[in-house]
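Written out below as structure tokens is the structure these notes cover.
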Amino acid sequence: MPEKSEVPYVVDPRVTDVVLAIAMALVVAVVIAADPDATHHAGPGAYLFAAGFGALVLLRRRLPRTVLVVTVLAVFVYYTFQFAPIGMALPAIAALYSAAEMGRTGWAVGGGAVLVAVATYYRVTGTAEEYLTPYDLVTNLALVAAAIALGVAVRLSREARVHQAHAAEQRLQAERLRIARDLHDVVGHNLSVIALHSGVAAEAVGRDDDAARGALEHVRQATSGTLHELRSTVRVLRRPLDMADGAPAPTGLAGVGALAASARATGLHVDTDIDVPDGVLDGAIDAAAHRIVQESLTNVLRHAAATRVTVSARIDGDRLTINVSDDGRGSGPGLVPGSGISGMRERASLLGGTLTTGDAPGGGFVVAVVLPLRLAG
């Protein structure tokens, strides 16, 4: 039956960004309104800056470095108009956090250092003593350090979950390989026994019926043992994943739901549309489809800075088509395929299929796969 994703509701990251943007604008506006010094300006211009700081947050996932640079410059411009003091670091908290969370830690540290250095300069020279006291300096340092540290912690936590998922997958594949090798040894041995006793039975028929019957009994036992071993192994290999107790995961398209749930845990919004009837794919094709989707989602988490990804799979004639598309920053014109994309393309080619990748017309990145339903005989 076709699979439709049914998972607990996850807040869309874009909704989170909107809430954060509103919060940033309101906090800065409240700080402006709370200034008791009448010599400072708190007119429409100051509140327009507050709205601008909030609006920049909406771009934090797509353009973390740009948002950081523009925010820092906007803070300096704000103070040139002698508006009410809002602190040097407060308007840049979201930009600093986002840069660190998106892997741009150096930019975050640099931006924070510039803010603190400028604040320190004015405090030491006294040219802006009314704005920047020693307390302000300590507060700015604490806010910058906390924002960067939180961003780094969130990124490391997400990468650790991806690494753990890969490590678990590698352990699972190693166990399956061991099972396959054990099965090969058992089946090979039993088939040798069957061949040997079949020859004995053929020679003994009509001359030594007891020997023939004994040989055929050995054949029957070896056959029964082989069938039992095959059934047991197939049950193990088909056992579905139970994430709670660590049982093996489905390695076909039936396992896409588990892959999507793991990606959602990092904050990524994942839509799945798997319309592939049971039993229509060879096991090798089904397993390859799972691996390609898994690697595509991993690439989105690591490189795309996306908020949403869509995974679809359906039957088109005698072919299976898979598409994984995101709304991230894309690859640009100079894409050099890494080992992940090269590995997916090689896997598809070995099975008689194709894999293409590239930027989507409306933004983002697309992985498109076409595979046969059955392996060529």
Side-chain angles (χ1 to χ4, degrees), residues 1-5 7 12-13 61-62 162 165-166 169 249-264 266 268-376:
M1 294 293 293
E3 175 188 333
K4 296 295 181 180
S5 175
V7 296
D12 191 320
R61 295 180 189 271
R62 287 289 191 87
V162 173
H166 272 279
E169 180 65 25
T251 54
L253 289 176
V256 170
L259 296 177
S262 177
R264 290 188 186 99
T266 69
L268 184 67
H269 189 99
V270 184
D271 296 320
T272 62
D273 181 11
I274 310 301
D275 189 7
V276 179
D278 292 339
V280 72
L281 301 176
D282 272 351
I285 302 296
D286 205 17
H290 177 96
R291 297 290 177 265
I292 290 172
V293 171
Q294 181 181 49
E295 183 64 32
S296 298
L297 289 176
T298 299
N299 286 341
V300 172
L301 290 172
R302 287 180 172 176
H303 308 299
T307 61
R308 179 183 295 270
V309 61
T310 300
V311 180
S312 65
R314 62 191 67 256
I315 303 300
D316 185 8
D318 62 346
R319 313 294 281 181
L320 168 68
T321 61
I322 302 171
N323 278 275
V324 182
S325 59
D326 64 70
D327 64 352
R329 54 173 170 249
S331 63
L335 173 65
V336 178
S339 59
I341 292 178
S342 298
M344 289 190 294
R345 182 172 289 117
E346 180 181 5
R347 185 187 296 271
S349 178
L350 288 173
L351 296 173
T354 60
L355 182 142
T356 57
T357 61
D359 291 342
F365 193 75
V366 177
V367 176
V369 188
V370 179
L371 296 172
L373 302 183
R374 301 283 179 183
L375 293 176

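Heads up: numbering here begins at 1 and tracks the sequence.
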side-chain contact (heavy atoms from CB on, under 4.5 Å) for Asp273 and Val311? Distances and angles first, verdict last.
CA-CA 6 Å; Asp273 181 11; Val311 180; over 6 Å; no

Heavy-atom pair of closest approach, residues Val366 and Ala360:
CG2-CB, 3.7 Å

side-chain hydrogen bond (donor to acceptor under 3.5 Å, both in side chains) evaluation trace for Asp327 with Thr307
CA-CA 7 Å; Asp327 64 352; Thr307 61; 2.5 Å; yes

Kindly write out the residues that satisfy salt bridge (Lys or Arg N to Asp or Glu O under 4.0 Å) with Arg308, not counting sequence neighbours, or none if the list is empty.
Asp12, Asp271

Can you name the side chain to side chain contact (heavy atoms under 4.5 Å, CB included) partners of Arg347, sequence neighbours left out?
Ala288, Arg291, Ile292

N/O donor-acceptor pair under 3.5 Å between Ser349 side chain and Arg345 backbone:
no

Audit row: Met344, Val369, side-chain contact (heavy atoms from CB on, under 4.5 Å) steps and yes/no
CA-CA 9 Å; Met344 289 190 294; Val369 188; over 6 Å; no

Can you list, pair by pair, the side-chain donor-acceptor contacts under 3.5 Å of residues 316-326, counting residues two or more places apart and other chains?
unit_1	atom_1	unit_2	atom_2	d
Arg319	NH2	Gly352	O	3.1
Thr321	OG1	Arg314	O	3.4
Asp326	OD1	Gly328	N	2.7
Asp326	OD1	Phe365	N	3.3

Calculate, to the nearest 0.5 Å, the distance between atoms CG and CG belonging to Leu371 and Asp282 respectively.
11.5 Å

Heavy-atom closest pair, residues Ala260 and Val270:
CB-CG1, 3.7 Å

Applying side-chain contact (heavy atoms from CB on, under 4.5 Å) to Leu281 and Leu253, what does each step give before you reach the verdict?
CA-CA 10 Å; Leu281 301 176; Leu253 289 176; 3.8 Å; yes

I need the His290 NE2 to Glu295 CD distance, nearest 0.5 Å.
11.5 Å

Hey, what do you get for CG (Leu373) to CD1 (Ile285), rounding to the nearest 0.5 Å?
8.0 Å

